[in-house]
Amino acid sequence: MFGLLDCNNFYVSCERVFQPRYEGRPVVVLSNNDGNLISRSAEAKALGLKMGDPYFQVKDLLQQHNVKVFSSNYALYGDMSRRVMYHLQQVAPAVEIYSIDEAFLDLAGMETYCGNLDAYARKVREGVKARTGIPTCVGIAPTKTLAKLANRIAKKDAGLGGVLYLNTPERRAWALRQVPVGNVWGVGRQYAAKLAAAGVDSAADLARVSEAWARKHLGGVVGARLVQELQGRPCAGLHPSEDGTLSRQSISCSRTFGKPLTAFDDVLAAVAAFLSRAAEKLRAQGDMAHVLTVYISKNRFAPQVLPPFSRSATLTLPIGSTADTTVLLGYARLLVGRLWEKGTAYQKAGVVLDGLEPPGTGQQLDLFAAAPALAKPVEQPALVTQRPGLMASLDALNQRFGRGTVRIATAVPAPGHSATTSGHHPPPWAGKAQWRSPCFTTRLEDLMVVNYSVGVIMAVVLCHCIYLVPRQ
DNA sequence: TCTGGGGTCCTAGGACCC
DNA sequence: TCTGGGGTCCTAGGACCC
């Protein structure tokens with residue numbers, strides 16, 4: 001049996017925990033660059049605002065209804081997520097962190113242990129709410145796909161009290177009838193259109209199609225599994241998240257620039273900055289990478305710009321794996337050079353690290369460096385592929401004094417870019433973030449200031465929280 | 001004027017190997 | 001006239017997810 005716990009309007013809920021005056025009011029959170037709506041409170045959804053709506057298109061509507069707008073604050077959301085996941089790991093036998101706001105719980109055998117899964121799920125919800133302030137819903141079912149489905153219904157139907165347990169075939173059949181096929185986990189826009197054309201409208205209809213049909217029209221084996229899962233036959237198990245963190249198979253970092261860039265050095269500086277961040281995440285995960293992809297993109301919305309909007313180049317590192325930012329950057333520079341088209345305005349860039357593995361597993365050694373007894377045909381400097389000490393120092397400094405305290409020089413934009421009134425020099429690729437909330441939980445300067453008597457109470461609460469949620 | 005970012009899995013074709 | 005079979009790796013791209 002699988003449980004799926006999903007936080008309600010997660011980013012909005014995170015903001016509300018620290019600014020409760022926005023409870024009951026329409027609130028939205030914008031994507032990077034203040035581009036699109038990526039989280040909406042129930043009140044905002046009721047106004048007809050859609051997920052992914054470009055901000056500039058709905059700006060008037062937002063103003064008209066006095067909707068509170070936040071820029072996204074991932075430092076805050078990431079830290080709140082960690083707290084939610086930490087609590088789940090205290091109360092569930094095994095937890096798979098599925099995304100920043102969702103986790104699968106392995107509930108095999110829990111029925112016999114705690115008697116009633118429905119009551120158990122209600123306790124878990126209350127626990128998360130009490131410890132983090134975040135509201136959630138829980139779906140429980142024999143497969144992950146059905147647990148997602150149950151969760152969705154629990155979110156929509158307030159009468160269920162945030163929990164739906166599909167414990168009988170009758171309930172499962174009922175649940176399948178409630179959900180339009182386009183809202184099934186694994187059915188996106190393309191498949192939904194195909195299914196509609198074939199007369200498959202609800203999840204119940206999809207559960208009835210033949211395996212051969214699913215294979216043919218829904219992406220091969222993926223479609224076959226999807227249908228089986230809807231029928232209650234599990235095709236995917238739970239992959240527990242070790243030590244409460246996600247370990248990924250690829251790591252990327254990309255940004256849309258605040259303005260189009262036409263100078264090679266500016267784009268290279270952006271790529272260097274993104275690569276630095278990706279490599280930092282790589283090291284935090286304890287891995288090295290041996291595949292590097294760089295891409296640079298034009299503005300896909302500009303009417304005069306023709307496709308392809310993006311060009312990418314991938315390189316399997318000839319030196320094997322590394323987690324060294326400077327080594328990776330050497331290759332990234334080559335790739336940017338390969339992609340660069342003179343006279344083009346670029347709007348976005350990104351890097352991806354693939355082929356991740358822990359140190360010592362798949363390292364390619366330099367033949368000559370590894371066997372110094374062999375005479376080298378030509379004397380050449382030793383190839384530097386790792387400087388773990390240097391990288392560890394870099395990470396330690398940046399963790400202690402703030403991200404970007406020590407940077408690779410390539411990632412520092414050339415002088416001459418305009419400073420803001422405060423004298424701060426934003427990089428040329430910097431985007432907008434007009435309405436960012438303070439990093440209440442991760443920056444000392446952003447800690448809430450309260451008066452003395454409230455302060456004493458707060459200090460007690462804070463100590464309590466620190467006790468409950470030790471930092472990793 | 002203004003349109004996100006970070007992931008997963010799968011497929012397919014070409015190069016290359018035995 | 002007819003031109004193998006089975007495998008890996010690499011790269012690119014499509015579809016999906018939150």
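This one's a predicted model, so the numbers in the text were calculated from it and none came from an experiment. A, B, ... follow the sequence lines: proteins, then strands. Residue 1 opens every chain.
- Counting non-hydrogen atoms under 4.0 angstrom, A/R311 reaches nothing in the nucleic acid.
- Atom CD of A/Q434 is separated from atom P of B/dC2 by 14 Å (rounded to the nearest Å).
- Between A/W340 and A/Y346, the two ring planes are tilted [angle within 30° to 60°].
- Residues A/N9 and A/S41 have side chains that never bring a donor and an acceptor to within less than 3.5 angstrom of each other.
- Between A/N73 atom CG and B/dG5 atom P there is a gap of 16 Å when expressed in whole angstrom units.
- In terms of phosphate contacts, A/K148 brings a side-chain nitrogen or oxygen within less than 4.0 Å of OP1 or OP2 of C/dC18.
- Among the heavy atoms of the strands lying under 4.0 Å from A/Y191 are primed sugar atoms or P, OP1, OP2 only; no base atom is included.
- Nucleic acid contact class of A/N299 (heavy atoms, under 4.0 Å, all strands): none.
- With rounding to whole Å, A/L218 atom CG is found 16 Å from C/dC17 atom C1'.
- Using cut-offs of 30° and 60° on the angle between ring planes, the pair A/W185 and A/F104 is tilted.
- A/L30 has its CG atom 12 Å from the C1' atom of B/dT3, to the nearest Å.
- By the ring pair (Phe, Tyr, Trp, His ring centres under 6.0 Å) test, A/W435 pairs with A/Y55, sequence neighbours left out.
- A heavy-atom distance below 4.5 Å is found between the side chains of A/L206 and A/L218.
- Atom C1' of nucleotide B/dG4 and atom CG of A/D53 are separated by 13 Å, given to the nearest angstrom.
- Nucleic acid contact for A/V352: none, since no nucleic acid atom lies under 4.0 Å from a heavy atom of the residue.
- Salt bridge annotation for A/K144-A/E96: present, with a cationic side-chain nitrogen under 4.0 angstrom from a carboxylate oxygen.
- Put simply, the side chain of A/H290 reaches to within 4.5 Å of the side chain of A/E357, judged on heavy atoms.
- Considering only side-chain atoms of A/S99, the nucleotide from C/dC18, C/dA12, B/dG4 that sits closest is C/dC18.
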Filtered N/O pairs between nucleotides 13-16 of chain B and protein, under 3.5 Å:
none

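- Put simply, OH on A/Y55 is 13 Å from C1' on B/dT1, counting in whole angstrom units.
- Judged by closest nucleotide on DNA chain B, A/F56 is the one of A/K348 and A/F56 placed further toward the 5' end.
- Among residues two or more places apart in sequence or in another chain, the side chain to side chain contact (heavy atoms under 4.5 Å, CB included) test is passed with A/N8 by A/P135, A/C137, A/K155.
- Minimum atom distance to the side chain of A/S31 is reached by B/dG4, of the listed B/dG4, C/dA12, B/dT3.
- Between A/D205 and A/R208 there is a salt bridge, since a side-chain N of the basic residue sits under 4.0 Å from a carboxylate O of the acidic one.
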Detail all sub-3.5 Å separations between protein N/O atoms and N/O atoms belonging to nucleotides 6-11 of chain C.
unit_1: C/dT11; atom_1: OP2; unit_2: A/T316; atom_2: OG1; d: 3.1

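- Nucleotides of DNA chain B nearest to A/D34 and A/S247 differ in position, and the one nearer the 5' end is that of A/D34.
- Nearest nucleotide to the A/W185 side chain, out of B/dT1, C/dC18, B/dT3: C/dC18.
- Within 4.0 Å of A/I251, counting heavy atoms only, lie sugar-phosphate atoms of the nucleic acid but no base atom.
- As a whole-Å value, the separation of A/I38 CD1 from B/dG5 P is 10 Å.
- The pair A/R407-A/E280 does not count as a salt bridge, with every side-chain nitrogen at least 4.0 angstrom from each carboxylate oxygen.
- A sub-4.0 Å separation between OP1 or OP2 of B/dG4 and a side-chain N or O of A/R300 is present.
- Judged purely by atom type and a 3.5 angstrom limit, A/E229 uses its side chain to pair as donor or acceptor with the backbone of A/T145.
- Stem analysis of DNA chain B (at least three stacked-register Watson-Crick or G-U pairs, each with both distances under 3.5 Å) gives B:5-18 with C:5-18.
- Side-chain N/O atoms of A/K259 include none lying less than 4.0 angstrom from OP1 or OP2 on B/dC2.
- Classified by interplanar angle (parallel below 30°, tilted 30° to 60°, perpendicular above 60°), the ring pair A/W213/A/H217 is tilted.
- Scanning for ring pair (Phe, Tyr, Trp, His ring centres under 6.0 Å) contacts around A/F70 gives A/Y22, with sequence neighbours left out.
- When heavy atoms are screened at a 4.0 angstrom cut-off, A/V184 is found touching the sugar-phosphate backbone but no base atom.
- A/E96 has its CD atom 13 Å from the C1' atom of C/dC17, to the nearest Å.
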